[in-house]
Amino acid sequence: MEWENQTVLVEFFLKGLSGYPKLELLFFVLILMMYVVILLGNGTLILISILDSHLHTPMYFFLGNLSFLDICYTTTSIPSTLVSFLSERKTISFSGCAVQMFLGLAMGTTECVLLGMMAFDRYVAICNPLRYSVIMSKDSYVPMAAASWFAGLVNSTVQTAFVVQLPFCRNNVINHFSCEILAVMKLACADISGNEFIMLVATTLFILTPLLLIIVSYTLIILSILKIRSSEGRSKVFSTCSAHLTVVIIFYGTILFMYMKPKSKETFNSDTLGGTDKLISMFYGIIAPMMNPLIYSLRNKDVKEAVKLFLRRKIFNK
């Protein structure tokens, strides 16, 4: 441990999988492969949404933002995690931890709000198609995306600012792969009830409110689909939003399970974090961003055709 005047903590120790060198090597290979898939998959979606004029619509503009978010979100933690797996020194500076918390919170919050915006876009497209081009004009969907990013920055700035002001004493071991805000808060040697209240407010505003918008939007969408008489028509309409709905279920399902499941007294009072919690965190932080481009590619004809056209151009240009 490094100390300043014997009281100010200047670095944290990221426990991760310390003590399990074989597991660290296995996780290094798995996470590296997943990270490459995330970069390639989301990078491809961003490219085709820019290069293919057929995809210059609100839905694919939001999808491009989602892909960029996934790249940014995973890049805030995966590279440092990979380095820690291969290094004996598994520490991170206090300032580095603060930056990691800020970026992770900003990207995560932005994605929550953006998924809500995407649900509203699907609602308008299915339930009010004749006015879709008017309601979801460029003057509407660009500010909606910008508002998502702004919400992420505001939430992250406020929460990170309050956490870094907490006093940290002798315990500097974060039982996690990265500087996750809850794990860092638990190390403070002061009352964190104020921080918990701020987190509760932020959760309500930036996670539960977009979730409510998603639930209302899809309830209206399902009611609209049920009014269609032909099964072929219902299937065709539902296919336009099934990819987004799948992404929402994976993203929000993992968040709700991770942060709202009952915790035992041992979890609160000890330094141990269950393997299930770490795996869920890994799923939320890595597998979901990896699955998003695959889901949109497999369940969306426009994306499939755009990818095929993009690959053909690359092949013929060679």
Side-chain angles (χ1 to χ4, degrees), residues 41-42 44-46 48-50 52-67 69-70 111-142 144-145 147-148 207-257 283-284 287-311:
N42 287 288
T44 301
L45 278 181
I46 293 171
I48 63 172
S49 66
I50 294 172
D52 195 319
S53 59
H54 295 96
L55 301 183
H56 291 175
T57 63
M59 175 182 171
Y60 295 107
F61 177 76
F62 288 134
L63 181 56
N65 274 264
L66 183 64
S67 294
L69 265 172
D70 284 338
E111 188 156 348
C112 288
V113 179
L114 189 63
L115 287 172
M117 301 294 188
M118 293 174 76
F120 177 75
D121 170 72
R122 292 299 83 205
Y123 158 73
V124 177
I126 293 171
C127 299
N128 206 344
L130 297 179
R131 297 195 61 204
Y132 180 74
S133 59
V134 176
I135 297 174
M136 295 303 296
S137 64
K138 193 171 184 178
D139 291 337
S140 299
Y141 68 77
V142 172
M144 286 168 68
S148 300
I207 297 181
L208 298 184
T209 301
L211 179 59
L212 179 63
L213 176 60
I214 291 168
I215 292 171
V216 171
S217 296
Y218 274 101
T219 300
L220 296 174
I221 287 171
I222 291 170
L223 291 174
S224 180
I225 290 175
L226 291 175
K227 292 178 182 178
I228 301 173
R229 294 183 178 180
S230 68
S231 58
E232 185 181 346
R234 287 196 296 268
S235 177
K236 186 177 180 180
V237 172
F238 183 73
S239 66
T240 63
C241 60
S242 60
H244 175 258
L245 184 58
T246 305
V247 169
V248 166
I249 291 171
I250 292 174
F251 183 82
Y252 268 102
T254 310
I255 290 179
L256 293 175
F257 183 77
F283 182 84
Y284 167 61
I287 297 181
M290 182 183 72
M291 293 298 294
N292 288 353
L294 296 176
I295 292 167
Y296 275 100
S297 298
L298 294 173
R299 303 184 69 89
N300 191 297
K301 291 182 180 179
D302 293 334
V303 173
K304 285 181 184 177
E305 291 300 319
V307 171
K308 289 177 183 177
L309 183 62
F310 176 74
L311 292 175

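Being a predicted model, the structure only gives us computed values, none of them experimental.
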Closest heavy-atom pair and its distance - [X], [Y]:
{"X": "Pro293", "Y": "Asn42", "result": "CD-OD1, 3.7 Å"}
{"X": "Thr246", "Y": "Ser242", "result": "OG1-O, 2.8 Å"}
{"X": "Tyr296", "Y": "Met59", "result": "CE2-CE, 4.4 Å"}
{"X": "Ile250", "Y": "Ala288", "result": "CG2-CB, 3.9 Å"}
{"X": "Ile214", "Y": "Tyr252", "result": "CD1-CE1, 3.6 Å"}
{"X": "Leu66", "Y": "Leu114", "result": "N-CD2, 3.6 Å"}

Atom pair [atom1]/[atom2] of [X] and [Y] - distance to nearest 0.5 Å:
{"X": "Asn65", "Y": "Ile46", "atom1": "CG", "atom2": "CD1", "result": "8.5 Å"}
{"X": "Leu69", "Y": "Phe62", "atom1": "CG", "atom2": "CZ", "result": "12.0 Å"}
{"X": "Ile225", "Y": "Cys127", "atom1": "CD1", "atom2": "SG", "result": "8.0 Å"}
{"X": "Ser67", "Y": "Ile48", "atom1": "OG", "atom2": "CD1", "result": "8.5 Å"}
{"X": "Phe61", "Y": "Ile50", "atom1": "CZ", "atom2": "CD1", "result": "10.0 Å"}

Check: Would you say the side-chain atoms of Tyr123 and Asn128 include a donor-acceptor pair closer than 3.5 Å?
Finding: no
Which residue pairs pass the side-chain hydrogen bond (donor to acceptor under 3.5 Å, both in side chains) test when at least one of the two sits in residues 218-231, sequence neighbours left out?
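As it turns out, the side-chain hydrogen bond (donor to acceptor under 3.5 Å, both in side chains) pairs with a partner in residues 218-231, which skip direct neighbours, are Tyr218-His244.
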Side chain to side chain donor-acceptor pair (under 3.5 Å) filter on His54, not counting sequence neighbours, yields Asp52
Problem - Intermediate values then yes/no, side-chain contact (heavy atoms from CB on, under 4.5 Å), Asn292 and Phe251 - result: CA-CA 10 Å; Asn292 288 353; Phe251 183 82; over 6 Å; no
Audit row: Asp121, Tyr132, side-chain contact (heavy atoms from CB on, under 4.5 Å) steps and yes/no: CA-CA 9 Å; Asp121 170 72; Tyr132 180 74; 2.5 Å; yes
TODO: Could you go through the side-chain contact (heavy atoms from CB on, under 4.5 Å) check for Thr240 and Arg122 one step at a time?
DONE: CA-CA 8 Å; Thr240 63; Arg122 292 299 83 205; 3.9 Å; yes
**Q.** Leu245 side chain near Phe238 side chain, heavy-atom distance below 4.5 Å
**A.** yes
- request: Report yes if some heavy atom in the side chain of Tyr141 is under 4.5 Å from a heavy atom in the side chain of Met117; otherwise report no.
  value: no
Determine yes or no for a side-chain-to-main-chain donor-acceptor pair under 3.5 angstrom, with Arg234 supplying the side chain and Ile228 the backbone.
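Judged by distance alone, yes, a pair lies under 3.5 Å.
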Practice problem: Begin with the C-alpha distance, continue with both residues' side-chain angles, and end with the deciding distance and a verdict on side-chain contact (heavy atoms from CB on, under 4.5 Å) for Leu63 and Ser49. | Solution: CA-CA 8 Å; Leu63 181 56; Ser49 66; over 6 Å; no
